[in-house]
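I have placed the structure first, in the form of structure tokens, so that the comments after it can refer back to it.
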Amino acid sequence: MIRLEKRPEPSRVWNYAAPVVAVIATMIAGGLLFAFLGKDPVASIKTIFWEPLFSEFAFYYRPQLLIKGAPLVLIAIGLSLGFRAGIWNIGAEGQYIMGALSGAAVALALYPLEAWWIFPAMVIAGALGGWAWAMIPGLLKARFGANEILVSLMLVYVAEKLLAAMALGLMKNPQGYGFPGSRNLSQMPWATSWINQNAGLHWGVLFAIAAVIAAYVLLSRHLLGFQIQLAGQAPRAARFAGVNPTRLTLFCLGTSGALAGLAGMFEVAGPSGIVSIDFNAGYGFTAIIVAFLGRLNPIGILMAGLLMALTYVGGDIAQSKLGLPKAAIQMFQGMLLFFLLAVDLFTNYRLKWATKEAA
Amino acid sequence: MDLSAINPVLLLASLLVAATPLLLAAIGETIVERAGVLNLGVEGMMITGAICGFAICVNTGSPVTGLVAAAIGGAALSLVFAFLTQVALANQVASGLALTLFGLGLSALLGQNYQGIKPPSFPRFDIPLLADIPVLGPILFRQDPVVYLALALTLATWAFLKFTRAGLILRAVGENHDAAHALGYKVIRIRTLAILFGGALAGMGGAYISLIRVPQWTEGMTAGIGWIALALVVFGAWKPLRVALGAFLFGGIEVVQLNLQAAGVAIPVEILAMSPYLITILVLVIMSADRSGAPASLGRSFHASH
């Protein structure tokens, strides 16, 4: 009989190995899935993970990695702070939408004004929009003890309805021949987040890198970072050590909301360009996978974000070249989290052959 | 605006139809949480049940087979959750989220060829004699069989938790798994069974949406009903009858909201469509003050070595 024995302390080797093992297991299981769908498994996996980086058209795909990776990393960094402290913000998708709406509102309201300060104002508005949307579950949790998981998630649906109302109403392009959707922000040089469109470089990429560095410093060098880790691992000890749970809740939710809002704002002012009904692409939910795959560690999240971006870009290629359904890629990403959670068992436990005399 | 077009009897009758998917999923989750497990994957299991039920129903032509398939589909997905949380001792919040993300992908993949098809309709079942009672008859006794099934399951769950020995053991496992273990109860086996029951009911709730309520398949059609069901368990303080009350309340909100949209009230459609979600938040805020009903071991992993 195999039985589980708790390790005295988490295994360092498995802590780093678990994501790698999970990715490999997902590739194998994903290959089986693709084979079941009647596609060549090896070719499919190679298309997803190899082509975007090293094929002859890689010069076109590599910038896409930055475009897809930036919002994922930006959102996941924010989420990871809360996840570490046991505060579960599941509504990043809604905060992303609100950030985009707030940011776009500034440029659209001032149109056709051209000024240097418009873009900075959009950045601030985007961050504030996401922050405010995340503060709703934050304040309700702090004041009434309402479950932040459910409240933040409900607000995603509310934000989606609001987005639809805006895209079809207030923010609709008056010169758009009746088509739903706003004016194109990426064509306004004073309001776009693009720095170099051919290189896939926009302000969101720079902010994502800055967020990784800031989170790293916060967690390893700052008292607040220590308190976040303490609150997650030993809530009782944290209370005795004088950690204010209300402040921590508001900080974690507010920060993750602001970062998600920024991600949405950069997206709407760059890669997406317009506020449309289906503007949100599920980054807020995929970022949850990214945060876990990166072990809630800033550097890990950076790598996990790029890997997840690879599955998006490679998935698109596989969709057009091999006819692999888009839903298969979505399922593939979900599988990754399953395998990671299962493999993580070995970080805290080891398998032992139970001997008779032990009983 | 023409509010007189809204018929109160029809409104109440459709209230039960709107409440049934919520009721099924929420009753299932009540049992899961009473066993001390927080499964946030309700939405994923519902949508998986919705497509499993729909596909099987279309292919076999039998709505009952479809409903059974939906229950099996939901339970199969919940088995993954049971493995992750009970055997691999993974974090329940993360595993539940993974289940929902995976379920949404899986259902989209399975449902590719089922868009825009109309499923065979579920026969209405009028209870003889009772259906002829004026007013009450059309509301309560001229529904489809699943509505009756959901109501019967609610009562059965209530009786199970309150009066049976097995129900007592289930509650003991949820309140203090270490003590239950010390008494010789198989904590992991009991929890796994509870999770399977929750998955089966969530799957059936999903199939009710795709087979009867809408009836059609579209991607992501459960639109947060699984999450509302989770909130209902909090609302009902983990008690089946109060959970049922909550489900009817929400069914009512949904029906009134849709009727107001149809009647062309001066409130924007988007605001009306937001209302179920906003009211869920409101309910959570009001009900969260008193958490005494929550099972003490809710969300905690059990390992015999602790």
Side-chain angles (χ1 to χ4, degrees), chain A residues 3-6 33 37 83 86 88 90 136-137 140-141 143-147 149-166 168-169 282 285-286 288-289 291-292 325-346 348-349, chain B residues 38 40 43-44 80-81 83-85 87-91 93-112 219 223-224 227-228 230-231 234 268-291 303-306:
Chain A
R3 86 192 155 83
L4 289 172
E5 188 183 82
K6 195 166 171 64
L33 167 74
L37 291 171
F83 289 179
W88 302 91
I90 306 304
I136 301 173
L140 293 180
K141 184 184 173 72
R143 177 73 184 78
F144 301 102
N147 182 315
I149 300 176
L150 294 172
V151 174
S152 63
L153 199 108
M154 286 296 129
L155 287 172
V156 174
Y157 294 100
V158 176
E160 278 177 353
K161 305 281 180 230
L162 203 65
L163 173 68
M166 287 295 161
L168 301 173
F285 293 116
T286 313
I288 297 171
I289 306 178
F292 280 113
K326 194 176 177 195
I329 302 298
Q330 200 184 342
M331 208 175 125
F332 189 77
Q333 294 172 341
M335 250 178 345
L336 194 53
L337 189 50
F338 272 151
F339 279 113
L340 182 72
L341 289 167
V343 174
D344 225 7
L345 174 69
F346 301 113
N348 292 311
Y349 293 85
Chain B
L38 180 66
L40 291 180
E43 180 83 3
V80 178
F81 177 83
F83 173 77
L84 285 176
T85 58
V87 180
L89 303 169
N91 179 307
V93 174
S95 306
L97 288 173
L99 206 65
T100 291
L101 293 174
F102 180 80
L104 289 171
L106 175 71
S107 62
L109 186 64
L110 291 174
Q112 284 181 93
E219 251 177 58
W227 293 102
I228 294 181
L230 276 161
V234 181
V269 174
E270 286 85 5
I271 303 282
L272 285 173
M274 279 176 201
S275 60
Y277 307 111
L278 290 174
I279 290 167
T280 306
I281 294 175
L282 189 71
V283 159
L284 278 170
V285 168
I286 295 168
M287 298 309 295
S288 297
D290 173 30
R291 289 194 51 89
H303 185 242
S305 73
H306 286 205

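Protein chains get the first letters and strands the later ones, always in sequence-line order, with residue 1 at the start of each. Given the structure is predicted, the values throughout are model-derived calculations rather than measurements. FYI, side chains are in, hydrogens and waters are out, and symmetry mates aren't considered; it's all heavy atoms of this structure.
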Please look at B:L84 and chain A and tell me whether the side chain, the backbone, both or neither of the residue comes under 4.5 angstrom of a heavy atom of that chain.
-> side chain
So how far is it from B:L282 CG to A:M154 CE, rounded to the nearest 0.5 Å?
-> 13.0 Å
Measure distances from B:V269 to the heavy atoms of chain A and classify the residue's part below 4.5 Å as side chain, backbone, both or neither.
-> neither
Judged by atom type as modelled, is there a donor-acceptor pair below 3.5 Å linking the side chain of A:Y157 to the main-chain atoms of B:G224?
-> yes
What part of B:V93 lies closer than 4.5 angstrom to a heavy atom of chain A: side chain, backbone, both or neither?
-> side chain
With a 4.5 angstrom heavy-atom cut-off, could you sort out which part of B:T280 is near chain A: side chain, backbone, both or neither?
-> side chain
Please flag which part of A:L37 lies under 4.5 Å from any non-hydrogen atom of chain B: side chain, backbone, both or neither.
-> side chain
With rounding to the nearest 0.5 Å, note down the distance linking CD1 in A:I288 to OG1 in B:T100.
-> 9.5 Å
Against chain B, label A:I149 side chain, backbone, both or neither, depending on which of its atoms sit under 4.5 Å from a heavy atom there.
-> side chain
Check the pair B:F102, A:L337 against side chain to side chain contact (heavy atoms under 4.5 Å, CB included), reporting the backbone distance first and the verdict last.
-> CA-CA 9 Å; B:F102 180 80; A:L337 189 50; over 6 Å; no
Enter the distance from A:K161:NZ to B:L272:CG here, rounded to the nearest 0.5 Å.
-> 11.5 Å
Contacting moiety of A:I289, where chain B heavy atoms sit under 4.5 Å = side chain
Between the NZ atom in A:K326 and the CD atom in B:E219, the distance rounded to the nearest 0.5 Å is 8.5 Å
What part of A:I90 gets closer than 4.5 Å to chain B, counting heavy atoms only: side chain, backbone, both or neither?
-> side chain
B:L284 CG to A:L140 CG distance, which is reported to the nearest 0.5 Å | 9.0 Å
Give the member of B:A223, B:A90, B:A231 that has the highest number of heavy-atom pairs under 4.5 Å with chain A.
-> B:A223
Hey, are the side chains of B:L109 and A:L33 touching, using non-hydrogen atoms and a 4.5 Å cut-off?
-> yes
Can you name the closest pair of heavy atoms from A:Q330 and B:A108 and give their distance?
-> OE1-CB, 4.4 Å
Please look at A:L341 and chain B and tell me whether the side chain, the backbone, both or neither of the residue comes under 4.5 angstrom of a heavy atom of that chain.
-> both
For chain B, the option from A:L155, A:L153, A:V343 that forms the most heavy-atom pairs under 4.5 Å = A:L153
Might you point out which heavy atoms bring B:E270 and A:A165 nearest each other, and give the distance in Å?
-> CG-CB, 3.4 Å
Working to the nearest 0.5 Å, report the span between CZ of A:F83 and CG of B:L97.
-> 7.0 Å
Is any side-chain heavy atom of B:L101 less than 4.5 Å from a side-chain heavy atom of A:Q333?
-> no
Tell me, for B:L104 versus chain A, whether the close heavy atoms (under 4.5 Å) come from the side chain, the backbone, both or neither.
-> both
A:F338, part contacting chain B, at a heavy-atom distance under 4.5 Å = both
Contact class of B:L40 relative to chain A, heavy atoms under 4.5 angstrom | side chain
